[in-house]
2 protein chains.
Amino acid sequence: MVNIEKNTELTILNAAKKVFHRKGFDGARMQEIADEAGLNKALLHYYFRSKEKLFQAVFEHAFSEVFSKINDVFHSDFTLASKIEVLVSYYISFLSENSYVPWFIVNCIYEKPESLKHFMETNNFAPVSVLQMIAKQLKEEYNIEIDPMQVYMHVLSLCIFPVIAKPMLQHVFGMDSIQMNNFYDQRKKIVPTFIANAFNGYKK
Amino acid sequence: MVNIEKNTELTILNAAKKVFHRKGFDGARMQEIADEAGLNKALLHYYFRSKEKLFQAVFEHAFSEVFSKINDVFHSDFTLASKIEVLVSYYISFLSENSYVPWFIVNCIYEKPESLKHFMETNNFAPVSVLQMIAKQLKEEYNIEIDPMQVYMHVLSLCIFPVIAKPMLQHVFGMDSIQMNNFYDQRKKIVPTFIANAFNGYKK
DNA sequence: GTCTATACGGCGATAGAC
DNA sequence: GTCTATCGCCGTATAGAC
């Protein structure tokens with residue numbers, strides 16, 4: 001592999017990202033990361049003391065990439081339906097092109113829950129305000145009073161699960177890559193419509 | 001641990017189930033399974049030749065437990081809304097009490113896709129007929145014509161993802177076990193209502 | 001900073017006594 | 001069938017030359 005990056009540290013980090021995303025923590029090998037980076041195994045330990053530390057760096061990057069978007073969108077100034085439309089569209093695009101990311105995050109949380117705890121402590125991430133925002137808009141725009149956490153879960157589920165299940169769709173239903181792309185592309189319209197229809201259903 | 005089971009093979013299988021579900025394939029240790037079973041490591045190899053074979057046995061059990069229910073319900077004789085209500089209620093109960101199962105299955109599919117392939121080949125599992133059934137009922141009962149795979153994914157997503165995300169809910173929102181139980185219990189009503197509302201929304 | 005060589009431990013698997 | 005002891009490999013981490 002050609003070393004395009006300016007410095008070695010970044011080369012290692014990018015290689016580690018690829019390998020951890022493919023294999024998870026236990027499955028990844030320092031040797032494989034070294035090969036991917038076109039460097040020597042000893043260098044990984046020179047820059048990041050241990051496999052653990054290297055993993056932590058990769059995890060935090062992936063986690064904030066996914067979760068910062070939610071905060072941004074929900075604290076903007078649009079209707080709930082618009083916010084959901086933007087969020088769903090963004091997620092389905094981003095995640096279906098990086099389909100290892102949601103698996104990676106979920107996998108981390110089961111394999112190494114300390115990673116998430118560490119992330120939560122260092123970045124002071126405040127997801128509760130998102131819930132308050134949802135509750136407020138549900139009440140004002142639809143006159144619905146249900147646990148905003150439930151709605152939050154509906155939205156995340158409909159975006160994230162189908163991406164996690166990608167390999168299952170391939171193997172169980174034999175979908176090829178063109179069918180997959182169509183499927184995710186259609187979902188960008190279908191999911192916001194589905195949610196909006198559901199909200200309107202409560203009104204009557 | 002007390003050996004309650006009749007035969008050793010079953011003792012090992014149950015221990016293996018617990019450990020694989022906790023740690024995944026790479027994370028699990030044959031020693032840990034032996035300890036969990038209250039038996040010796042060598043015995044695992046006596047009954048199941050290798051770690052691989054033992055894993056395969058555990059995987060197939062978990063996978064068929066989850067997927068056979070879908071087939072049963074969708075080939076029954078009720079309205080689509082009723083089917084979904086039954087399925088959602090069953091899944092949320094079963095999965096929230098066995099929250100490692102969905103993670104385990106997803107994890108397997110990323111870590112060892114051959115496992116799924118092997119399962120599909122030995123049990124001739126036909127999920128396409130479920131899709132045809134959904135399409136038929138959507139048309140007849142709601143006059144909706146959308147890709148049934150999309151609807152199928154909506155249902156699975158809303159059931160399975162919140163269970164996969166359980167550890168995230170605990171760590172990010174600090175929910176305790178009582179709050180979690182309430183949350184999943186409420187979902188049994190909220191999700192079928194949500195879906196039914198959405199379907200009715202297409203009518204107008 | 002980057003490399004080669006190697007120490008050290010852990011884990012899957014097997015041999016062999018009972 | 002069940003156990004103890006041990007082999008042999010592989011993977012993380014480090015020592016040390018350049």
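In what follows, chains carry the letters A, B, and so on, assigned in the order in which the sequence lines appear, proteins first and then strands, with residues in each chain numbered from 1. Computed from a predicted structure; not experimentally measured.
- For dG1(D), the OP1/OP2 oxygens have no side-chain nitrogen or oxygen of Thr8(B) closer than 4.0 Å.
- Geometrically, Lys112(B) engages Phe25(B) in a cation-pi contact defined by less than 6.0 Å to the ring centre and at most 45° from the axis.
- Here dT4(C) presents its P atom at 13 Å from CG of Leu44(A), a figure rounded to the nearest Å.
- Relative to the side chain of Ala42(A), the nucleotides dA13(C), dA15(C), dT14(D) differ in distance, and dT14(D) lies closest.
- Rounded to 10°, the helix from dG1(C)-dC18(D) to dC18(C)-dG1(D) has 10° between the axis fitted to its first five pairs and the one fitted to its last five.
- Proximity of Tyr90(A) to Val73(A): side-chain heavy atoms (C-beta onward) are nowhere separated by under 4.5 Å.
- When rounded to the nearest whole Å, the span between CZ of Phe55(A) and P of dA13(D) equals 14 Å.
- In this structure, Gln31(A) atom CD and dC9(D) atom P are separated by 18 Å, rounded to whole Å.
- Side-chain contact annotation: Gln186(A) with Asn182(A), donor-acceptor N/O pair under 3.5 Å absent.
- Distance Ile33(B) CD1 to dC11(C) P: 12 Å, rounded to the nearest Å.
- Distances from the side chain of Lys41(B) to the nucleotides dG1(C), dT12(D), dG12(C) place dG12(C) closest.
- For Lys51(A) against dG11(D), no side-chain N or O and base N or O form a donor-acceptor pair under 3.5 Å.
- The side chain of Leu39(A) lies closest to dC3(C), out of dC3(C), dC3(D), dT14(C).
- Closest to the side chain of Arg29(B), from the set dT2(C), dG12(C), dT14(D), is dG12(C).
- In this structure, the CD1 atom of Ile12(B) is 8 Å from the P atom of dT2(D), given to the nearest Å.
- Residue Tyr47(A) is classed as a sugar-phosphate contact, given heavy-atom separations below 4.0 Å to backbone atoms only.
- Taking the six-membered ring wherever Trp is involved, the centroid distance between the rings of Phe20(A) and Phe55(A) falls below 6.0 Å.
- Minimum atom distance to the side chain of His45(A) is reached by dT12(D), of the listed dT12(D), dG1(C), dA13(C).
- Summarising the geometry, the separation between OH on Tyr46(A) and P on dA15(D) is reported as 15 Å, rounded to the nearest angstrom.
- Using the six-membered ring where Trp is involved, Phe199(B) and Phe194(A) have ring planes that are perpendicular, over 60° apart on the 30 and 60° scheme.
- Counting only N and O atoms by type, the side chains of Ser50(B) and His45(B) include no donor and acceptor under 3.5 Å apart.
- Sequence order on DNA chain D of the closest nucleotides to Asn40(B) and Ala28(A) puts Asn40(B) first from the 5' end.
- A salt bridge links Glu36(B) to Arg22(B): at least one charged side-chain nitrogen sits closer than 4.0 Å to a carboxylate oxygen.
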